[in-house]
Amino acid sequence: MKRILFVVVVGCFLFSSCGDFLEEYSKDLVYASSCEDLDEIIIGNGYMKRNANQEYAYYRENELYYPYLHVMDDDVEEFLSGAVKMLTNANPAVRYRNFYTWGERPFSDMTGVELVDSDWKRLYEHIGYVNVIISYVKEFESDPEEIRHRIAGEAQFLRGWYYYMLVNLYAKPYSKETAAKDLGVPLNVTEFIEDKYFSRDPVEKVYEQIVSDLKNAADNLAGIVQPTFYRVNEAAARTLLSRVYLYMGEWQLAIDECDKVLALGCKLRDMNGLDEKWLNTVNSPEILFTQGSYAIGGLMNNNLSRYGVTGGGRYRVSDELLALYKKYKNDGVVDLRESVFLEPSSSYCPGYFFIRKTPDYSNNRKGSVKVYDACLIRSAEVYLNKAEAQAMLDQPDAISTVKVLMEKRYKDSVLPAIDGLKGKELVDFIREERRRELTCEGHRWFDLRRYAVSPKYPELKEIMHGVYQSAMASLKPGVYDGSYTLKPYGQDNAWVLPIPDYEIIFDRGAMVDNDKRESREKNEN
């Protein structure tokens with residue numbers, strides 16, 4: 001019987017080494033002698049740690065995964081209320097102000113306290129575990145072939161997901177013209193510790209690895225029926241692969257993967273007569289896969305006493321996004337997502353809304369979160385990915401594809417008039433529909449980046465975020481205190497996160513940081 005020794009070096013973030021690092025860092029040794037052991041390891045260390053705690057904390061390990069991803073785009077606006085003191089009270093608006101305003105050092109709060117970039121470390125630790133699983137699962141030949149395929153497929157998907165997140169957080173968006181030379185993130189796909197310093201692989205090479213992993217994952221998971229949507233299946237792997245192809249401008253390949261998912265069965269919830277208050281619940285047939293943590297409940301909290309004061313500093317739906325849900329009302333078209341996704345703030349701040357797609361703890365609700373926004377793959381995305389790719393290829397079926405989703409989202413299936421749209425107008429509509437549907441699920445920031453470098457119908461956007469000071473009085477909204485501007489991609493380095501200082505120091509010059517972010521001045525308007 002084979003026994004595989006797992007060595008996970010805690011603190012050696014890329015499993016690189018510098019001589020005596022094995023003595024310097026602690027080790028976690030795990031022995032595996034069967035696929036059953038591998039299964040336990042992939043659950044415990046391969047998948048992201050499920051965390052239903054909605055606290056905004058990120059600076060501690062084993063807390064939320066990349067919650068800041070939700071506050072950098074144009075779907076959110078800072079929202080202060082009550083007697084919260086911004087410079088003394090720990091709350092999301094303080095903790096993430098430098099992400100929200102695209103500051104020079106985003107991993108520090110507005111009081112100057114440095115935050116550890118836990119995501120780089122955690123994602124590479126997950127990769128370290130799945131590398132070993134991928135390498136050795138084939139060694140257990142006495143175990144059933146189906147089990148070996150399933151475990152391999154799950155591990156391959158997870159490695160593809162982690163590199164997808166890393167390259168889109170810490171590197172430039174994929175552009176065919178520059179991907180071969182743009183610095184991506186370090187690739188490590190071996191199961192053993194290498195005695196070397198790691199450098200950054202090109203964006204193109206990272207994407208090639210992601211595509212390879214997801215294709216292999218989908219093939220290995222074909223025909224596998226998972227007991228829960230917390231274990232990845234073929235449909236989820238192919239959906240993510242279609243998303244990656246969309247990012248790469250490989251539109252026909254994206255369509256092909258979407259068609260494979262549709263052939264497997266791709267159900268949608270009808271918001272006409274929705275039998276639950278929320279879209280994303282354990283009963284939803286749309287959830288293909290979810291893992292990790294849930295950040296929106298803490299970032300957009302509607303509980304007045306959540307942070308130990310009457311009120312708090314957090315985020316709300318931006319006016320621009322809110323207007324998108326109301327865009328066609330004058331034409332008699334009602335977007336049901338306005339009432340399903342948006343929860344009004346307390347009565348003393350009328351007109352402000354929070355995103356609510358899943359039941360959570362906010363406003364003293366009971367029960368734990370079951371659907372997470374750190375990694376959520378839904379069937380609705382399949383129709384949006386396919387429609388966008390078809391529109392890019394000027395295929396007239398793009399309209400009928402997106403209508404399948406829209407009929408489930410607009411009251412009585414009365415839809416905006418889109419039959420005559422084509423070219424850029426149709427692409428713009430599908431992108432807006434994507435924004436309305438997938439908001440606060442980790443798409444918007446990455447979408448804005450890829451639109452900017454799209455080989456067809458590129459879209460450059462400037463974002464402005466308002467900031468607030470406390471009214472210093474109970475039950476009063478915050479006082480507007482100016483704004484910060486993120487210039488369009490290509491004119492501003494803050495569209496990419498910096499490589500963690502600890503990694504640059506550890507690799508002694510082999511790891512090149514991204515272009516320095518500017519010190520941003522507040523607009524006094």
Side-chain angles (χ1 to χ4, degrees), residues 69 72-75 163-184 202-208 210-211 214 239-258 320-321 324 380-399 401-402 405 418 421-439 441-463 486-497 514-515:
L69 182 59
M72 297 187 292
D73 62 37
D74 52 357
D75 282 353
Y163 277 122
Y164 158 79
M165 289 303 305
L166 285 163
V167 77
N168 280 285
L169 288 172
Y170 298 99
K172 294 179 179 179
Y174 184 96
S175 168
K176 287 186 178 181
E177 289 73 21
T178 63
K181 61 181 181 181
D182 287 339
L183 293 177
V203 168
E204 181 179 68
K205 188 174 180 181
V206 178
Y207 266 79
E208 288 173 354
I210 295 169
V211 167
L214 295 178
T239 302
L240 181 57
L241 181 56
S242 74
R243 185 193 308 178
V244 172
Y245 281 141
L246 204 62
Y247 284 26
M248 298 173 70
E250 298 289 351
W251 296 309
Q252 187 56 56
L253 293 175
I255 294 169
D256 293 343
E257 292 304 317
C258 289
E320 185 178 291
L321 177 60
L324 276 183
E381 183 189 349
V382 178
Y383 295 93
L384 292 164
N385 290 354
K386 181 178 179 180
E388 183 179 337
Q390 288 175 313
M392 287 293 192
L393 294 174
D394 298 315
Q395 295 181 6
D397 287 346
I399 292 176
T401 297
V402 75
L405 173 64
I418 64 171
L421 297 183
K422 59 183 178 180
K424 185 177 184 302
E425 287 185 334
L426 179 56
V427 170
D428 287 345
F429 177 84
I430 293 170
R431 287 175 176 176
E432 284 190 354
E433 193 65 20
R434 182 181 186 88
R435 184 180 180 186
R436 284 186 282 260
E437 178 67 27
L438 300 179
T439 182
E441 293 183 15
H443 291 267
R444 183 61 179 170
W445 179 251
F446 294 165
D447 281 344
L448 288 170
R449 286 163 32 98
R450 72 178 177 91
Y451 295 159
V453 297
S454 176
K456 193 173 184 179
Y457 308 131
E459 177 185 336
L460 294 172
K461 182 164 187 184
E462 180 177 275
I463 305 175
L486 176 68
K487 295 188 290 291
Y489 179 83
Q491 303 173 34
D492 200 312
N493 294 333
W495 288 92
V496 181
L497 292 180
N514 289 313
D515 294 333

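Keep in mind that this is a model prediction, so the values were computed, not measured.
Comment: Asp447 does not engage Arg431 in a salt bridge, judged by the lack of any side-chain N to carboxylate O separation of less than 4.0 angstrom. With salt bridges taken as basic N to acidic carboxylate O contacts below 4.0 Å, none links Asp394 and Lys422. Between Glu433 and Arg436, at least one side-chain nitrogen of the basic residue sits less than 4.0 Å from a carboxylate oxygen of the acidic one, meeting the salt-bridge criterion. Using a 4.0 Å cut-off between charged nitrogen and carboxylate oxygen, Glu388 and Arg243 do not count as a salt-bridge pair. Contact check on Asp73 versus Lys461 returns no salt bridge, with no Lys/Arg side-chain nitrogen under 4.0 Å from an Asp/Glu carboxylate oxygen.
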Given side chain to side chain contact (heavy atoms under 4.5 Å, CB included), test Ile255 with Leu393 step by step and report yes or no. CA-CA 10 Å; Ile255 294 169; Leu393 294 174; 3.9 Å; yes
Please determine whether side chain to side chain contact (heavy atoms under 4.5 Å, CB included) holds for the pair Arg450 and Met248, giving the CA-CA distance in whole Å, both sets of side-chain angles, and the decisive distance to 0.1 Å. CA-CA 9 Å; Arg450 72 178 177 91; Met248 298 173 70; over 6 Å; no
Show your working on side chain to side chain contact (heavy atoms under 4.5 Å, CB included) between Asp74 and Arg435 and close with a plain yes or no. CA-CA 10 Å; Asp74 52 357; Arg435 184 180 180 186; 3.3 Å; yes
Under the side chain to side chain contact (heavy atoms under 4.5 Å, CB included) criterion, do Leu214 and Glu257 qualify, and how do the steps go? CA-CA 11 Å; Leu214 295 178; Glu257 292 304 317; over 6 Å; no
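Contact record, Asp182 with Pro173: OD2-O, 4.5 Å, taken as the closest heavy-atom pair. Contact between Asp75 and Thr439 at its shortest, heavy atoms only, is OD2-OG1, 3.0 Å. Taking each heavy atom of Ala398 and Ile430 in turn, the nearest pair found is CB-CD1, 4.5 Å. Across every non-hydrogen atom of Leu246 and Trp251, the tightest pair is CD1-CD1, 3.9 Å. Listed here is the closest heavy atom pair of Ala180 and Pro202: O-CB, 3.4 Å. Taking all atoms of both residues into account, the shortest heavy-atom contact from Tyr174 to Glu204 is CE1-CA, 4.2 Å.
Atoms CG and SG, on Leu241 and Cys258 in that order, are 9.5 Å from each other to the nearest 0.5 Å. The CD atom of Glu208 lies 14.0 Å from the OH atom of Tyr163; values are rounded to the nearest 0.5 Å. Here the CG atom belonging to Asn385 is positioned 11.5 Å from the OG1 atom belonging to Thr401, to the nearest 0.5 angstrom. Here Phe429 contributes atom CZ and Ile418 contributes atom CD1; the two are 4.5 Å apart, rounded to the nearest 0.5 Å. Within the model, atoms CG of Leu169 and CE of Met72 stand 6.5 Å from one another, a figure rounded to the nearest 0.5 Å. Expressed to the nearest 0.5 Å, how far CG of Asp428 lies from CD of Glu459 amounts to 6.0 Å.
Between Tyr489 and Trp495, the ring-plane angle classifies as perpendicular under the 30° and 60° cut-offs. Using a 30° and 60° split on the angle between ring planes, Tyr247 and Phe446 fall in the perpendicular class, above 60°.
Between the side chain of Asn514 and the main chain of Leu497, a donor-acceptor pair closer than 3.5 Å is present. Looking only at distances, a side-chain donor or acceptor of Lys456 sits under 3.5 Å from a matching main-chain atom of Met392.
Within 6.0 Å of atom CD in Gln491, more than 12 heavy atoms from other residues, nucleotides or ligands are found, so the atom counts as buried in its surroundings. More than 12 heavy atoms of other residues, nucleotides or ligands sit less than 6.0 Å from atom NZ of Lys487.
The side-chain contact (heavy atoms from CB on, under 4.5 Å) test with His443 is passed by exactly one of Leu438, Leu384, Leu448, Leu69: Leu438.
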